[in-house]
Amino acid sequence: MPELPEVEVLRRSLEPLIIGDTIARVEVWNASLREPVDRRKLERLTSGRTIRSVRRRAKYLLADLDGGTTLVTHLGMSGRMTLVADGVPRELHEHVAFFLDSGRRLRLRDPRRFGLVLVMGTDELDEDRHFRHLGIEPLGNGFGGRELESLARRRRAPVKSFLMDARVLVGVGNIYASEALYRAGIHPTRSVSRISSVRWQRLADSIRQTLSQAVQEGGTTLNDFADGRGREGMFQVSLATYDREGETCGRCGGTIRRIVQSGRSTYYCPGCQR
DNA sequence: CGGGCGGCCTGGAGGC
DNA sequence: TGCCTCCAGGCCGCCC
């Protein structure tokens, strides 16, 4: 579910609410997420510690705690993290919760259990197997057409799969890959070996624009997504192609098509994308 | 090695 | 109403 914009929206919403608060205790009702949650370690490395910063890397949310540890969470496909008062009853599929000194709890709900909760030393993040292979942050410095073009050298994958490869760049999932390609006017099946420098530049600009706009609009809520206060996003209204098979393209009046690439749906406009 | 595919889960939608 | 199949925003390991 959540791609870069959703995790960034979540991060921004939580940051002012939880910085300076202290984790009093942790509850793990169901440890079987994508990887088993290590209760002992989680308890040992988080309880009694104050939250000093809230960051994002790729689609991971990172909370740096006192004592040089970082709490890592990933929402998988269906995860939602919200801050509620202690007294609010546990919701369906609420698997893990952090009770804070302020009398609130940060809870993780994740029906499909593709999410992740980990804790590690802050200095271990870069070498950790979840992070070490990750590519460029598309909203950070050092991302542009030139970088994309050089990463594509000696590869021949379809450009849509390339954009979704976390070793290349992070945060772009199935929705934003389709949307960015539409804005750049590039056909999703085009091989990365056959894209000109000008079009790489246009694609990098489109990725940045699409992601930034989605963050501004609070992310895309198709089913589950909400920020830390439970507010849903608005970017689904701005989607030009995603989940719009058969609808009319706003630019050329053609019909949006759906195809399957590497087992995932891709949406595009045959008139606008070459 | 790059790239495609299946599997991990549950729930919602749509067909009959 | 129920039952079945298909599909879903991520990621990883396996295979060719």
Side-chain angles (χ1 to χ4, degrees), chain A residues 1-10 29-37 56-61 72-81 91-96 108-118 128-135 150-181 188-194 207 210-211 214-215 217-227 232-246 258-267:
Chain A
M1 130 203 193
E3 304 182 30
L4 184 152
E6 289 71 38
V7 181
E8 180 59 24
V9 166
L10 175 65
W29 288 285
N30 187 348
S32 56
L33 301 187
R34 193 173 94 219
E35 293 170 23
V37 178
R56 178 189 57 74
R57 170 68 172 125
K59 298 170 189 167
Y60 292 87
L61 187 74
V72 177
T73 51
H74 192 288
L75 300 181
M77 290 275 249
S78 58
R80 181 191 282 225
M81 272 183 98
E91 67 181 339
L92 192 63
H93 304 300
E94 181 178 346
H95 304 310
V96 178
L108 173 69
R109 173 190 96 180
D110 184 7
R112 290 174 72 182
R113 290 189 279 118
F114 289 166
L116 207 53
V117 179
L118 303 167
D128 184 83
R129 65 192 171 84
H130 299 89
F131 298 95
R132 65 183 174 217
H133 64 282
L134 295 178
S150 104
L151 284 161
R153 230 160 260 153
R154 274 181 280 117
R155 302 185 61 159
R156 38 193 54 239
V159 60
K160 196 251 192 172
S161 315
F162 178 75
L163 294 186
M164 290 177 64
D165 186 340
R167 291 165 304 182
V168 174
L169 82 162
V170 298
V172 175
N174 210 35
I175 293 180
Y176 297 108
S178 284
E179 293 298 307
L181 286 166
T189 64
R190 176 172 286 270
S191 166
V192 294
S193 62
R194 306 187 54 227
I207 292 168
T210 308
L211 298 178
V215 171
E217 297 182 12
T220 299
T221 300
L222 294 179
N223 286 304
D224 311 294
F225 177 70
D227 73 8
E232 302 193 335
M234 281 299 299
F235 193 75
Q236 61 278 10
V237 176
S238 304
L239 295 174
T241 60
Y242 187 82
D243 205 20
R244 300 206 182 284
E245 183 184 18
R258 172 184 178 271
I259 55 172
V260 175
Q261 292 181 277
S262 310
R264 329 255 346 238
S265 293
T266 302
Y267 299 86

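Protein chains get the first letters and strands the later ones, always in sequence-line order, with residue 1 at the start of each. Just so you know, these numbers use all the heavy atoms, side chains as well, and skip hydrogens, waters and symmetry mates. The shown structure was predicted, so the numbers you read here are calculated from the model rather than taken from an experiment.
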Student: Can you sort out the partners of Ala240(A) under side chain to side chain contact (heavy atoms under 4.5 Å, CB included), two or more places apart, ordered by chain and number?
Tutor: Glu179(A), Tyr182(A)
Student: Mind checking side chain to side chain contact (heavy atoms under 4.5 Å, CB included) for Arg153(A) and listing every partner two or more places apart, or none if nothing turns up?
Tutor: Ser150(A)
Student: Check whether any side-chain nitrogen or oxygen of Tyr176(A) sits under 4.0 Å from OP1 or OP2 of dG9(C), and answer yes or no.
Tutor: no
Student: Do nucleotides 11-16 of chain C as a string where each nucleotide becomes B, S or -: B if the base has a protein heavy atom under 4.0 Å, S if just the sugar-phosphate does, - if no protein is that close.
Tutor: SS----
Student: Could I get the full list of side chain to side chain contact (heavy atoms under 4.5 Å, CB included) partners for Val7(A), not counting sequence neighbours?
Tutor: Pro2(A), Arg56(A), Lys59(A), Leu61(A)
Student: Anything under 4.0 Å to a heavy atom of chain A counts; send over the first and last such nucleotide of DNA chain B, read 5' to 3'.
Tutor: dG3(B) to dG11(B)
Student: How would you list, by chain and number, every residue that makes a side chain to side chain contact (heavy atoms under 4.5 Å, CB included) with Glu35(A), sequence neighbours excluded?
Tutor: Leu116(A), Leu118(A), Arg129(A), His130(A)
Student: So, are Arg109(A) and Glu91(A) salt-bridged, with charged N and O less than 4.0 Å apart?
Tutor: yes
Student: Suppose the criterion is salt bridge (charged side-chain N to carboxylate O under 4.0 Å, His left out): which pairs have a residue in residues 161-174 of chain A, not counting sequence neighbours?
Tutor: Arg155(A)-Asp165(A), Asp165(A)-Arg167(A)
Student: With DNA chain B as reference, determine whether Arg156(A) or Asn223(A) sits nearer its 5' end, using the nearest nucleotide of each.
Tutor: Arg156(A)
Student: With sequence neighbours left out, write down each residue that passes salt bridge (Lys or Arg N to Asp or Glu O under 4.0 Å) with Arg113(A), or none if nothing qualifies.
Tutor: none
Student: Stem list for DNA chain C, please, built from Watson-Crick and G-U wobble pairs under 3.5 Å and keeping only runs of at least 3.
Tutor: B:2-8 with C:10-16, B:10-16 with C:2-8
Student: Can you list every ring pair (Phe, Tyr, Trp, His ring centres under 6.0 Å) pair that touches residues 156-181 of chain A, not counting sequence neighbours?
Tutor: Phe162(A)-Trp200(A), Tyr176(A)-Phe235(A)
Student: Would you mind reading off the distance between Phe235(A) atom CZ and dG9(C) atom P, rounded to a whole angstrom?
Tutor: 16 Å
Student: When the C1' atoms of dG6(B) and dC6(C) are considered, how many whole Å apart are they?
Tutor: 16 Å
Student: Rounded to whole Å, how long is the line connecting atom CG of Leu222(A) with atom P of dA8(C)?
Tutor: 11 Å
Student: Expressed as a whole number of Å, how far does the P atom of dC11(C) sit from that of dC1(B)?
Tutor: 22 Å
Student: In whole angstrom, give me the gap between the P atoms of dC7(C) and dC5(B).
Tutor: 14 Å
Student: What's the CG-P distance between Leu163(A) and dG9(C), to the nearest Å?
Tutor: 15 Å
Student: So, using salt bridge (Lys or Arg N to Asp or Glu O under 4.0 Å) as the criterion, who are the partners of Arg244(A) when residues are at least two apart?
Tutor: Glu247(A)
Student: Is Phe114(A) stacked on the base of dG10(C), with ring centres under 5.5 Å apart and planes under 30° apart?
Tutor: yes
Student: Give one of base, sugar-phosphate or nothing for Ser265(A), where a contact means two heavy atoms less than 4.0 Å apart.
Tutor: sugar-phosphate
Student: Quick one: Glu232(A) CD to dG9(C) C1', roughly how many Å, whole number?
Tutor: 14 Å
Student: Can you list the residues that meet the ring-ring contact (aromatic ring centres under 6.0 Å, His included) rule with Phe131(A), with sequence neighbours excluded?
Tutor: Tyr60(A)
Student: In terms of side-chain heavy atoms, does Ser78(A) have a donor or acceptor partner in Asp110(A) at a distance below 3.5 Å?
Tutor: yes
